[in-house]
Amino acid sequence: MTERVLVLCATSKTGRNVSRALVEAGFEVYGTTRSTKPLPFGTAIKADYTNSDDLDQAFKECKPQFVFGMVDYFNAAKKNPTLCEELGETIIDTIVRAKVEHLVWCSVGWARNAPETVTHFHALEKVATMVKNSGIASYSIIEPAAYFENIDDPANWNPLKLGRVKFLTEASLKWCSTYDIGRVAANHFSAPTQFNGMTTELATWEGSIHD
C-alpha cells in the first residue's frame, strides 16, 4: 500500500514544491488548503491549519501515516514571533493526538547565527525545540538554508522585476531550493527509523546575494 503523507500549508511556496517532490517519489499526497481549488500536486484537504479543530478533521479525513509540518511564514512567522510559536504548538499538539508514524518538520538553518532582529528565525528554532520535546514517537527535522526562490519565484513574486533585491543580509549564505526540501523529506519518509531524531541541515550552494 502506498504511504499517505499530509503536507501542511500545501499552497505555500515550500508546501507546493514539497508536495511535488513527494508525488514524484511515489507517495500518496494530501495537502491542507483554505481554498476549494484543486492543488497542482496531491489531493486538497480544505482546512485552516491554524485551527486545531480543522486540523483534527483533516487528519481524520485522509488518515496519513506521515506528516510534513511547518509554520506558515506570511500568516504567522513574519507577523509576530509569539504567534509563530503559538501556531507551532497548535500543530504539534494535533500531530501528537493523531499518532502518525513519522513527522518531518521543516525549520530553518543558521538560526543560531542570525541577528536578533531576524525574530522569526529564532521563533522557528524554538518551535523545533517543541517538536523535540513533544513526545512524538518518530520525527526528523530539516533545516533548510536561504531559498533560491526568494530571488525569483514566478508563482509568488519576482523581486528582479523591481530592479533590486532586498534580502536579510549581504553576507555569504548557504542556499537551497524548496524542491530540495521535498526530496530530502521523501528520503526521511522512506526510512523513518534511520532518520528518527535526526536534524538535517540542507544546502546545495554557498555564496552571497551578489555571487
Side-chain angles (χ1 to χ4, degrees), residues 5-25 27 29-50 55 58 66-81 83-84 87-88 91 103-111 114 118-121 123-125 127-128 141-162 164-169 173-189 200-207 209:
V5 182
L6 177 62
V7 176
L8 302 183
C9 198
T11 55
S12 69
K13 173 172 52 184
T14 302
R16 182 181 70 249
N17 286 316
V18 166
S19 296
R20 171 193 164 197
L22 292 174
V23 167
E24 291 174 353
F27 292 96
V29 176
Y30 295 83
T32 63
T33 170
R34 296 182 180 91
S35 172
T36 56
K37 296 180 181 178
L39 297 175
F41 306 100
T43 301
I45 300 289
K46 191 174 187 305
D48 177 355
Y49 97 130
T50 67
L55 278 178
F66 303 135
V67 175
F68 180 88
M70 58 183 166
V71 175
D72 185 357
Y73 171 71
F74 288 104
N75 290 315
K78 182 180 180 181
K79 289 183 177 180
N80 186 308
L83 180 61
C84 176
L87 177 55
I91 296 168
L103 163 69
V104 171
W105 186 262
C106 184
S107 185
V108 61
W110 66 281
V118 190
T119 54
H120 68 280
F121 272 28
L124 290 171
E125 186 180 20
V127 174
I141 296 173
I142 299 176
E143 292 185 340
Y147 295 161
F148 286 124
E149 290 93 341
N150 287 341
I151 307 304
D152 181 11
D153 182 18
N156 289 283
W157 82 98
N158 188 339
L160 293 179
K161 290 182 179 179
L162 303 176
R164 58 182 173 78
V165 176
K166 182 181 179 182
F167 205 61
L168 293 172
T169 177
L173 298 173
K174 295 179 180 180
W175 298 78
C176 71
S177 76
T178 51
Y179 180 65
D180 293 331
I181 300 172
R183 293 170 61 203
V184 172
N187 286 338
H188 286 209
F189 289 134
T200 302
E201 183 185 49
L202 171 58
T204 56
W205 182 76
E206 186 170 359
I209 192 77

The reported gap from OG1 in Thr200 to CD1 in Ile142 (rounded to nearest 0.5 angstrom) is 6.5 Å
Exercise. Between Cys106 and Ile181, does a side chain to side chain contact (heavy atoms under 4.5 Å, CB included) hold up when you go through it step by step?
Worked result: CA-CA 8 Å; Cys106 184; Ile181 300 172; 4.3 Å; yes
On a heavy-atom basis, the closest approach of Leu22 and Gly182 is CD2-O, 4.0 Å
Exercise. Could you walk me through whether Val7 and Phe41 pass the side chain to side chain contact (heavy atoms under 4.5 Å, CB included) check?
Worked result: CA-CA 11 Å; Val7 176; Phe41 306 100; over 6 Å; no
Looking only at heavy atoms, the pair that brings Gly88 and Val71 closest together is CA-CG2, 3.9 Å
With sequence neighbours left out, the residues meeting side chain to side chain donor-acceptor pair (under 3.5 Å) with Asp48 are Arg34, Thr50
Note: Leu124 and Cys84 closest approach over all heavy atoms is CD2-SG, 3.7 Å
Sorted by chain and number, sequence neighbours left out, side-chain contact (heavy atoms from CB on, under 4.5 Å) with Glu201 holds for Lys174
Rounded to the nearest 0.5 angstrom, the CG-CG distance for Leu103 and Leu6 is 10.5 Å
Value for OG1 (Thr14) from CG (Leu8), rounded to nearest 0.5 Å, stands at 12.5 Å
Treating Glu149 as the side-chain partner and Thr178 as the backbone partner, does any N or O pair qualify as donor plus acceptor under 3.5 Å? yes
Partner of Asp180 under side-chain contact (heavy atoms from CB on, under 4.5 Å), picked from Leu202, Asn17, Val18, is Leu202
Criterion side chain to side chain contact (heavy atoms under 4.5 Å, CB included) on Ile91 and Trp105, from CA distance to verdict
CA-CA 11 Å; Ile91 296 168; Trp105 186 262; 3.8 Å; yes
Sorted by chain and residue number, the side chain to side chain donor-acceptor pair (under 3.5 Å) partners of Thr43 (sequence neighbours excluded) come out as none
Checklist entry - What is the ring orientation for Phe27 with Phe66, classed by angle as parallel under 30°, tilted 30 to 60°, or perpendicular over 60°? => result perpendicular
Between Ala10 and Gly31, the two heavy atoms sitting closest are CB-CA, 3.5 Å
To the nearest 0.5 Å, atom CG of Asp72 lies from atom SG of Cys9 at 4.0 Å
All heavy atoms of Ala203 vs all of Ala145, minimum pair found to be CB-CB, 4.1 Å
Rounded to the nearest 0.5 angstrom, the CZ-CZ distance for Arg16 and Arg20 is 10.0 Å
Separation between SG (Cys176) and CZ (Arg183), nearest 0.5 Å, reads 11.0 Å
Correct closest heavy-atom pair for Lys37 and Ala44 would be O-CB, 4.0 Å
